[in-house]
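For reference, the structure discussed in these notes is given below.
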Number of protein chains: 2
Amino acid sequence: MAIQRRPLREQIREELLLRLDRGDFAAGKDINEVVLAAELGVSRTPLREALITLAGEGVLESNQGRGFRFAPVSSKEFRELCEIVAGLESLALELSDPDELREMAPELLRLARSFPDPVAEQSEIEWHDDEWHDLLLGKCPNERLLDLVTSVKAGMRRYTHLIAGEDTLLEREAEEHCRIAEHLRAGDVAAATAALRDNWVSGMERMTSRIPVTPEPA
Amino acid sequence: MAIQRRPLREQIREELLLRLDRGDFAAGKDINEVVLAAELGVSRTPLREALITLAGEGVLESNQGRGFRFAPVSSKEFRELCEIVAGLESLALELSDPDELREMAPELLRLARSFPDPVAEQSEIEWHDDEWHDLLLGKCPNERLLDLVTSVKAGMRRYTHLIAGEDTLLEREAEEHCRIAEHLRAGDVAAATAALRDNWVSGMERMTSRIPVTPEPA
DNA sequence: ACCTTGAATTATGAATACAGAATACATGAA
DNA sequence: TTCATGTATTCTGTATTCATAATTCAAGGT
């Protein structure tokens, strides 16, 4: 086995995103670098590097002299992110080879139908959903586009824990995934793209009601 | 006047992008942090922060233990970036208020026609082009999308200096801008969007021949 | 001659130290 | 009481230092 040596900043970034998924951090909360570094068992330097990366992805905000804080959530921003990801994933689909998409359709269908046990871990459910989208986009030859999608989705992680334990939402999601896959199996990429857009739009609408209004701290 | 206080990392980032526009750096070139920090008159810490940001935007690559280097240029990557920006700008246009776009059309036309003097500074010419696109997208209400466009375009700056002193290319560009603006004036956003896509595609084709093939360093 | 091996050098990744801005707090005047 | 002002404290932004991985180069063996 080739043992992995990755920069601390990347590991820290992932750990912070994980905690974000778990809802550990309150949106809008200021980050105390010394405390957080101690908690993670690293020094401030790689921690700050990770924070800067996350700020670049929109997960955090930074203000001169005031450090970093988790960007406050808002239904406006969530809508904006959904519009962006919908556009990017649609583009990725359009750039993919239609034949390869058709070949992959059965696998996509299978995965969409086998949604995880309702009592499964929240993290596992989210992972299942992510995996489906990753598989869908996997045939897109535009690597930069795929990286970009990953990065933008990181910025959406602040919202994912809000849907915890909502079975009906997940069923709708699975349903829509099936529809997309069926279009692909039929070789109709345009229809699949449209369905994918709808998937994000409806996901947006489903979520928008559960986003708390967070007043901007003075 | 409110005097500005901005983090060094941001100023460094901009300075590096400026130098990139000027073609100061060879693509694929390794960065020596100590040398560059001394050259800029700052310490390695804020420099590294800027480098990490730029790596996140795709301007640089980073390898464990090997530090940062300017990402090598390739026609494949340039094509990918053009596809992405075309998609994002089209999306921004579709999300804009059609009425506001129509109102802005005359200004866009004026600006497109008044392309700068052929003998103007290269940087000024590029700025002119950027300004036109910024104005075009300015009415889009999706702020995150606009930030994203800016970020992706930063990743394209490695290519801009390659078109230095190509008058014919610029005339084609201005021509296409006029066409887009005229569609908007007519209230036909869909046609304008299509023309915008074409603008990027043709820009891609025009450029692709002048991108040198850089063999991957071992 | 070519490849391997190991010491010396160089540069990065991470930790620590330091200076100054932002905040909190307390004291005093209106 | 309330507001203002000065002071102490906290935390960030930047510089410096330290440890170790990566590279270079030379010596020795095949």
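Everything numeric in this text was worked out from a predicted model, so none of it was measured. All chains are named by letter (A, B, ...) in the order of the sequence lines, taking the proteins before the strands, and each is independently numbered beginning at 1. FYI, side chains are in, hydrogens and waters are out, and symmetry mates aren't considered; it's all heavy atoms of this structure.
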*Test A/Arg206 against A/Ser202 for side-chain hydrogen bond (donor to acceptor under 3.5 Å, both in side chains), laying out the working first.*
CA-CA 6 Å; A/Arg206 273 173 264 158; A/Ser202 67; 2.6 Å; yes
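Where A/Leu8 and A/Gly65 each meet DNA chain C at their nearest nucleotide, the meeting point lying more 5' is that of A/Leu8.
Across all strands, B/Leu36 comes closer than 4.0 Å to no nucleic acid atom at all (heavy-atom distances). Among the heavy atoms of the strands, none lies under 4.0 Å from A/Asp30.
Rounded to a whole Å, the CD1 atom of A/Ile31 is 19 Å from the P atom of C/dA22. Taking atom CZ of residue A/Arg44 and atom P of nucleotide C/dG13, one finds them 19 Å apart after rounding to whole Å. Here C/dG13 presents its C1' atom at 13 Å from CG of B/Leu51, a figure rounded to the nearest Å. What separates CD of B/Glu33 from P of C/dT12 is a distance of 4 Å, to the nearest Å.
Between A/Glu100 and A/Lys139 there is a salt bridge, with a side-chain nitrogen of the basic residue lying less than 4.0 Å from a carboxylate oxygen of the acidic one. Here A/Arg19 pairs with A/Glu39 in a salt bridge; the nearest charged N to carboxylate O distance falls below 4.0 Å.
On a pure distance criterion of 3.5 Å, a polar donor-acceptor pair joins the side chain of A/Thr45 and the base of C/dA15.
The phosphate of D/dG13 has neither OP1 nor OP2 within less than 4.0 Å of any side-chain N or O from A/Arg66.
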